[in-house]
Amino acid sequence: MKNILLIFLLTLFSCSENPEIKPYVDHLRKVEKKSAKNYILQQFEKHDIVILCERNHSEFSQYELIKEVISEDYFKKNVKNIFIENGIINLQPEIAEFLKSKNLDSLSIEKRVTKFQQNASFWFIWERYSFKYLLKTIYNINNTSENQISLYPSDSEFDWNKVKNVEDYTREQDFEIEPRDSIIAYNIINQYKKIKSKKKKKALVILNYRHAFKIHTIRSNGDLQQNSGKYLKDYFGNRAVNILLNCPIFTRKDKKWTYELNQNGKWDAAFKKQNLDNIGFDFENSAFGNDDFDMWNGMVDIKYKDVFDGFVFYKPIEEHDLIDNFNGMISKDFEKEMFRRLKIQSEYFENSSLLEKLENIDFRENLVKEWNTKKSQKYPNFEHLLESRDKYLID
């Protein structure tokens, strides 16, 4: 009898949870256990467009998930198209030609991908390693498959060859006149119309943070913040679905930018409590979807289900790695051009301190060395994130 009582008490103790995370834990106990990959793929059975809300551009593990998704035969046969916010639209023809090239040697692949990385942005360099990884992933898939995947960078057109000074830089950034999000959405819709006419009707769209919201938001100064996801949902209607990928929230606190977790860590705590690190489900009729939307300050009476249709949890924050730079990113033939761009951009932002440092040869050499060294790190306030989650797991 004592042994039975002891087992009962131990079971009760092990199953107990903080009442603040109980609604989430209860939902996770009963929800169907679909992997993040399978949940995303299944959305294509009912929708033409699946919008995935990207974490920090640099976070690498999310691209391991994307690789899982696009490597599946179903994706290669039935979807085939990927749109990304990263990368200016004028790269599309060159990238399309590269991804169709067969049996390139590793040196040629590296050279081509590095060139795309160098010219991907209106910033002087796009240092996020995930861009290179995605390009090489798609190339390797296409190289051994009859079903070819297409990648469409969709950011505003920008040509560094036309930029000789600050005035040119200002003019070339046409999104200062037309909202950048409307341009991104237009580029996606316009290209989609072309591929639809070729009987390729489905696409994965990867947008970062607020760009994936299916509502417009309000800036701190009261102005309307237009978001690409809203434009896409307005155009595609129920043919589009947007999915939030678990990620820390980028928020402003005490006049500084920092990271916090959804609902102050309760969501992450619930997944850890249930030992779940790879799952997807709908926000509708869930404790998660009914929560107040806290990814954007100042939103009133907005729930998560109003902003996203579904949610995937893929790896806890301990396994998130922010990776930037790589060996050869600043190649010798690009070094002079990189500093030309950096100087113009520093003048544009009136960064006199950096402009002064750029006159120093040692400083420039150290910058090149830094950018040619692969860097992996955790979120800046990683320990705080762990504490905000784990406080709900202390008995």
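Here, residue 1 is the first one in the sequence, and each next residue gets the next number.
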Exercise for review: List the steps and the verdict of side chain to side chain contact (heavy atoms under 4.5 Å, CB included) for Ile243 and Ile51.
Suggested key: CA-CA 6 Å; Ile243 300 171; Ile51 303 168; over 6 Å; no
For residues [X] and [Y], is any side-chain donor paired with an opposing acceptor at under 3.5 Å?
| X | Y | value |
| --- | --- | --- |
| Ser228 | Asp181 | yes |
| Tyr39 | Asp282 | yes |
| Gln148 | Lys100 | no |
| His211 | Glu54 | no |
| Ser101 | Arg112 | no |
| Gln225 | Arg219 | yes |

Between [X] and [Y], what is the ring plane arrangement, given parallel below 30°, perpendicular above 60°, and tilted in between?
| X | Y | value |
| --- | --- | --- |
| Tyr304 | Phe293 | perpendicular |
| Phe311 | Phe288 | parallel |
| Phe236 | Tyr192 | perpendicular |

Review point. Is the NZ or CZ atom of Lys230 both under 6.0 Å from the centre of the six-membered ring of Phe213 and within 45° of that ring's axis?
Key: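 Verdict for Phe213: no cation-pi partner in Lys230.
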Check your understanding: Would Lys115 and Asp333 count as a salt bridge (Lys or Arg N to Asp or Glu O under 4.0 Å) if you check the C-alpha gap in whole Å, the side-chain angles of each, and the deciding distance to 0.1 Å?
Key -> CA-CA 10 Å; Lys115 181 183 176 184; Asp333 63 344; over 6 Å; no
**Study point:** Partners passing salt bridge (charged side-chain N to carboxylate O under 4.0 Å, His left out) against Arg340 (at least two apart in sequence or in another chain)
**Key:**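 Per chain and number, Arg340 pairs via salt bridge (charged side-chain N to carboxylate O under 4.0 Å, His left out) with Glu337.
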**Study point:** Which residues share a salt bridge (charged side-chain N to carboxylate O under 4.0 Å, His left out) with Lys303, sequence neighbours left out
**Key:**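 Expected list: Asp292.
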Review point. Do Lys214 and Asp309 pass the salt bridge (Lys or Arg N to Asp or Glu O under 4.0 Å) test, and can you show the C-alpha distance, the side-chain angles, and the key distance before you say yes or no?
Key: CA-CA 9 Å; Lys214 64 177 181 179; Asp309 301 302; 2.6 Å; yes
Between [X] and [Y] (salt bridge meaning N to carboxylate O under 4.0 Å), is one present in this structure?
| X | Y | answer |
| --- | --- | --- |
| Asp48 | Lys202 | yes |
| Glu110 | Lys136 | yes |
| Lys391 | Glu387 | no |

Check your understanding: Do Tyr314 and Leu244 belong together in a cluster built from hydrophobic side chains that touch within less than 4.5 Å?
Key ->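 Looking at the clustering, Leu244 is in a separate group from Tyr314.
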Exercise for review: Please report the C-alpha distance between Glu85 and Arg180 in whole Å, then the side-chain angles of each, then the deciding distance to 0.1 Å, and finally whether the salt bridge (Lys or Arg N to Asp or Glu O under 4.0 Å) criterion is met.
Suggested key: CA-CA 10 Å; Glu85 166 201 339; Arg180 177 172 168 239; 3.4 Å; yes
Let me have the donor-acceptor pairs involving side chains of residues 365-374, under 3.5 Å, with sequence neighbours excluded, atom names and distances please.
| unit_1 | atom_1 | unit_2 | atom_2 | d |
| --- | --- | --- | --- | --- |
| Asn366 | ND2 | Asp362 | O | 3.2 |
| Asn372 | OD1 | Gly328 | N | 3.4 |
| Asn372 | OD1 | Met329 | N | 3.0 |
| Asn372 | OD1 | Ile330 | N | 2.8 |
| Asn372 | ND2 | Ile330 | O | 3.2 |
| Asn372 | ND2 | Val368 | O | 3.4 |
| Thr373 | OG1 | Lys369 | O | 2.7 |

Exercise for review: For salt bridge (Lys or Arg N to Asp or Glu O under 4.0 Å), just list the numbers for Glu72 and Lys76, CA-CA rounded to whole Å, side-chain angles, deciding distance to a tenth of an Å, and then say yes or no.
Suggested key: CA-CA 6 Å; Glu72 285 292 311; Lys76 289 185 283 186; over 6 Å; no
Exercise for review: Check whether the ring centres of Phe116 and Phe98 lie less than 6.0 Å apart, and answer yes or no.
Suggested key: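 Ring centroids of Phe116 and Phe98 are less than 6.0 Å from each other.
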**Study point:** Proximity of Phe158 and Tyr169 rings by center, below 6.0 Å
**Key:**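 Under 6.0 Å, so yes.
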**Study point:** Lys111, NZ atom: more than 12 neighbouring heavy atoms under 6.0 Å
**Key:**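 Check fails, neighbour count at 12 or below.
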Review point. Do other residues, nucleotides or ligands put more than 12 heavy atoms under 6.0 Å from Lys378 NZ?
Key: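 Enclosed: over 12 neighbouring heavy atoms sit under 6.0 Å from NZ of Lys378.
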Exercise for review: Can you spot which of Trp123, Phe131, Tyr133, Trp126 makes a ring-ring contact (aromatic ring centres under 6.0 Å, His included) with His57?
Suggested key: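 So, applying the ring-ring contact (aromatic ring centres under 6.0 Å, His included) to His57 and each of Trp123, Phe131, Tyr133, Trp126, only Trp126 qualifies.
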